J.: 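Once you've had a glance at the structure underneath, I'll fire off some questions.
What you see is a predicted model, and the numbers here were worked out from it, not measured in a lab. The analysis underlying the following values was restricted to heavy atoms, covering all of them including side chains, and did not include hydrogens, waters or symmetry mates.
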Amino acid sequence: MELSEALARISTHPLREYKTLGDILEPDLIQQCLDSNGVASLRRRKLPMDSMVWAVIGMALFRNESVRSLINKLDIVLPQPVNFVARSAITQARKKLGSAVVKDVFQRTAQAWQQRAEHPHWCGLNLYGVDGVVWRAPDSPENAAAFARTSNQKSPSAYPQVRMVCLMELSSHLLVDSAFDSVSESEMTLASQLLEAVPDNSLTLFDRGFYSLGLLHAWRQAKKQAHWLIPLRKGTQYEEQYRLSKSDKIVCLKTTPQAKKKWPELPDRIEARLITKVVKGRTIEILTSMTDPKAYPGIEIVDLYSHRWEIEVGYREMKHTLLDSRFTLRSQLPELIIQELWGVLLAYNLLRYKMILMARTLPGILPNQLSFREASSYIIFKLTQLPSYSPGNIPAAVLDIERNAKQFKLEARRERAYPRTLKVSKNRYPVKQYAAHSLK
């Protein structure tokens with residue numbers, strides 16, 4: 001029995017608890033994505049296209065396995081007189097599948113899982129984060145032609161690189177959407193491609209590197225009550241309009257002709273709110289579109305920015321835990337690199353959505369308070385065991401994952417401070433060591 005078939009049988013169980021588990025990744029959704037992108041198997045091959053979607057997900061779930069090995073592990077090869085699958089056949093199947101299908105599956109599931117998740121909110125706004133990350137591609141001639149390399153004063157990078165920018169819900173680490181291209185593309189350009197995915201009633205936290213009045217204005221206009229929050233960049237010029245309190249004021253930001261040329265809908269002036277707070281002796285200045293002091297109390301706004309770190313934690317979970325710190329991707333062709341990255345994001349979201357279901361069994365616990373390393377290992381183990389279960393035992397096996405959710409709860413985070421210190425410079429001359437002479 002295939003893994004996708006095992007998951008489908010969960011949804012046929014009469015109990016309500018098991019119905020939601022069948023929504024992990026429905027086979028019908030995969031088939032819809034294949035049909036909408038014009039990818040279909042005219043005859044049943046060893047590697048059908050719907051099963052190849054699971055193979056791409058498996059490339060992220062089983063980073064230590066070769067692609068041929070994980071295909072056997074997931075039991076997605078149809079019975080044939082000869083069950084051996086050549087490496088070239090896998091590559092051809094991945095080429096036929098393409099990246100658009102996997103992207104479509106990711107975006108459809110991300111939208112559905114976001115609606116079912118019921119995220120906590122602050123003043124009616126759900127918290128999201130935007131940030132970038134860089135991936136390494138194998139140094140094949142095709143990848144080198146498609147993806148640029150970063151360079152420093154000494155030499156360029158040894159690997160072609162891909163820049164990715166993601167939009168993430170911060171309480172669950174569930175990804176909403178992503179955009180990626182060659183590392184030569186700026187994070188600002190990639191972030192602008194996420195405007196259609198901005199949710200209603202949201203507050204997005206940006207790093208100061210994303211400061212662009214054109215991007216921030218477009219973000220605010222993208223959806224209903226789509227607000228942003230970003231640290232004030234050093235040297236930013238503004239005019240104070242009026243004060244709400246000693247550390248809270250409404251300011252006016254002037255746009256430049258260059259910005260208006262890039263963003264035609266950008267007005268001459270943008271009104272924003274500037275809040276200042278001293279944290280551990282350091283002055284923090286936060287700029288936000290939430291100008292209504294009654295709806296959004298300023299005393300809490302600065303503290304919200306600390307949640308932006310959750311997206312950094314999410315990238316660490318992808319690179320270090322999910323991919324086992326194997327930072328170089330597998331694929332030798334640019335199209336398959338893109339396909340592989342969508343598979344990584346889809347696999348990460350699949351695990352994160354399952355952790356949302358696990359967190360629901362623990363009152364007062366958010367999904368980001370569960371250990372991703374331990375929970376993901378347990379979930380992957382259970383998913384790979386599904387094909388060996390009889391249909392009647394599948395619901396109990398999957399429900400066992402939620403029953404064990406308590407053991408994955410993280411301890412409260414400790415406040416740590418690592419003040420910067422000036423290290424002693426290296427001595428360019430050898431230091432003579434004096435041996436201690438024992439007294440006779």
Side-chain angles (χ1 to χ4, degrees), residues 125 127-134 148 150-151 161-168 170 176-244 247-276 283-293 296 298 301-302 304-305 308 311-312:
L125 304 177
L127 296 184
Y128 295 85
V130 168
D131 206 355
V133 67
V134 174
T150 56
S151 60
Q161 295 179 322
V162 181
R163 191 184 304 282
M164 173 187 288
V165 174
C166 292
L167 175 62
M168 174 187 287
L170 299 181
V176 180
D177 203 356
S178 178
F180 44 88
D181 205 329
S182 172
V183 74
S184 59
E185 288 290 340
S186 68
E187 290 183 337
M188 214 83 66
T189 302
L190 295 176
S192 65
Q193 299 176 23
L194 303 177
L195 289 170
E196 293 184 2
V198 179
D200 292 328
N201 303 312
S202 61
L203 172 60
T204 304
L205 312 181
F206 290 94
D207 182 71
R208 60 168 45 89
F210 287 88
Y211 182 83
S212 165
L213 293 182
L215 174 64
L216 297 177
H217 178 263
W219 202 273
R220 178 67 182 89
Q221 302 299 318
K223 294 291 176 63
K224 179 182 177 182
Q225 294 299 317
H227 291 283
W228 49 264
L229 186 150
I230 190 171
L232 184 68
R233 192 172 63 178
K234 187 177 180 180
T236 301
Q237 300 296 320
Y238 60 84
E239 294 180 3
E240 181 179 330
Q241 300 297 302
Y242 56 90
R243 284 185 174 268
L244 300 172
S247 58
D248 193 350
K249 53 190 175 184
I250 301 298
V251 299
C252 179
L253 302 166
K254 293 183 179 181
T255 59
T256 63
Q258 293 82 1
K260 293 185 67 175
K261 184 177 180 181
K262 187 175 181 180
W263 302 87
E265 298 181 359
L266 183 63
D268 295 333
R269 295 168 176 266
I270 292 180
E271 188 177 79
R273 188 176 177 185
L274 181 60
I275 302 174
T276 305
T283 301
I284 306 295
E285 294 180 303
I286 295 294
L287 199 65
T288 179
S289 62
M290 299 181 292
T291 55
D292 187 351
Y296 311 111
I301 290 179
V302 175
L304 286 175
Y305 187 71
R308 194 203 67 82
I311 191 170
E312 302 281 4

J.: Please find the pair of heavy atoms, one from Ala197 and one from Lys223, that lie closest to each other, and give the distance.
T.: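 Of all heavy-atom pairs spanning Ala197 and Lys223, the closest is C-NZ, 4.4 Å.
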J.: Measure the CG-CD1 distance between Leu232 and Ile275 for me, rounded to the nearest 0.5 Å.
T.: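 Those atoms lie 12.0 Å apart.
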J.: Would you compute the distance between atom CD of Glu240 and atom SG of Cys252 and round it to the nearest 0.5 angstrom?
T.: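 One finds 12.0 Å between CD of Glu240 and SG of Cys252.
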J.: Sub-3.5 Å donor-acceptor pair from the side chain of Thr288 to the main-chain atoms of Trp228, do we have one?
T.: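 Judged by distance alone, yes, a pair lies under 3.5 Å.
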J.: Given 3.5 Å as the limit, does a donor-acceptor pair link the side chain of Thr291 with the main chain of Ala272, or not?
T.: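 Answer holds: no.
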J.: If every non-hydrogen atom of Pro231 is compared with every non-hydrogen atom of Ile286, which pair is closest and at what distance?
T.: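 Answer, listing the atom of Pro231 first, then Ile286: CA-CD1, 4.0 Å.
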J.: Taking all atoms of both residues into account, what is the closest heavy-atom pair of Met188 and Phe210, and its distance?
T.: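 Looking at all heavy atoms of both residues, the closest pair is SD-O, 3.4 Å.
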J.: How about Glu196: does its CD atom have over 12 heavy atoms from other parts shown lying under 6.0 Å from it?
T.: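 Open: at most 12 neighbouring heavy atoms sit under 6.0 Å from CD of Glu196.
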J.: Is there a side-chain contact between Glu239 and Lys254 in this structure, where contact means two heavy atoms from C-beta onward sitting under 4.5 Å apart?
T.: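 The answer is yes; the side chains approach within 4.5 Å.
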J.: For Thr236, run the side chain to side chain contact (heavy atoms under 4.5 Å, CB included) check against Leu253, Leu287, Val251, Leu274 and tell me which one passes.
T.: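 Answer to the side chain to side chain contact (heavy atoms under 4.5 Å, CB included) test with Thr236 among Leu253, Leu287, Val251, Leu274: Leu253.
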J.: Kindly compute the distance separating OG (Ser192) from CH2 (Trp263), expressed to the nearest 0.5 Å.
T.: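 It comes to 4.5 Å.
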J.: If you measure only the distance, is there a donor-acceptor pair under 3.5 Å linking the side chains of Tyr305 and Arg308?
T.: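 Arg308 and Tyr305 do have a side-chain donor-acceptor pair below 3.5 Å.
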J.: Among Leu229, Ile301, Leu170, which residue satisfies the side chain to side chain contact (heavy atoms under 4.5 Å, CB included) criterion with Leu203?
T.: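 So, applying the side chain to side chain contact (heavy atoms under 4.5 Å, CB included) to Leu203 and each of Leu229, Ile301, Leu170, only Leu229 qualifies.
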J.: Nearest 0.5 Å, please: how far is CG in Leu213 from OG1 in Thr255?
T.: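 If I round to the nearest 0.5 Å, the distance is 7.0 Å.
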J.: Verify, without hydrogens or angle tests, whether Arg273 (side chain) and Met290 (backbone) share a donor-acceptor contact under 3.5 angstrom.
T.: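 Here the side-chain-to-backbone pair exists.
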J.: With the side chain counted from C-beta on, respond yes when Leu216 and Ile270 share a heavy-atom pair under 4.5 Å apart, and no when they do not.
T.: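 No, their side chains stay 4.5 Å or more apart.
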J.: Is there a donor-acceptor pair closer than 3.5 Å between any side-chain N or O of Asp200 and the backbone N or O of Lys224?
T.: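 Side chain of Asp200 to backbone of Lys224: a pair is present.
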J.: Distance from Asp131 atom CG to Ile311 atom CD1, nearest 0.5 Å?
T.: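 One gets 5.5 Å once the value is rounded to the nearest 0.5 Å.
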J.: Do you know the tightest heavy-atom contact between Leu266 and Ala259?
T.: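 Result for this residue pair: CD2-CB, 3.7 Å.
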J.: Give the minimum heavy-atom separation between Ala191 and Val130, together with the two atoms involved.
T.: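 Here Ala191 and Val130 meet closest at CB-CG1, 4.5 Å.
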J.: To the closest 0.5 Å, what do you measure between CG (Leu194) and OH (Tyr128)?
T.: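 It comes to 13.0 Å.
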J.: Which atom names give the shortest non-hydrogen contact between Ser182 and Ala148, and what distance separates them?
T.: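 Result for this residue pair: OG-N, 2.8 Å.
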J.: Applying side-chain contact (heavy atoms from CB on, under 4.5 Å), run through Met164 and Glu187 and close with a yes or a no.
T.: CA-CA 8 Å; Met164 173 187 288; Glu187 290 183 337; over 6 Å; no
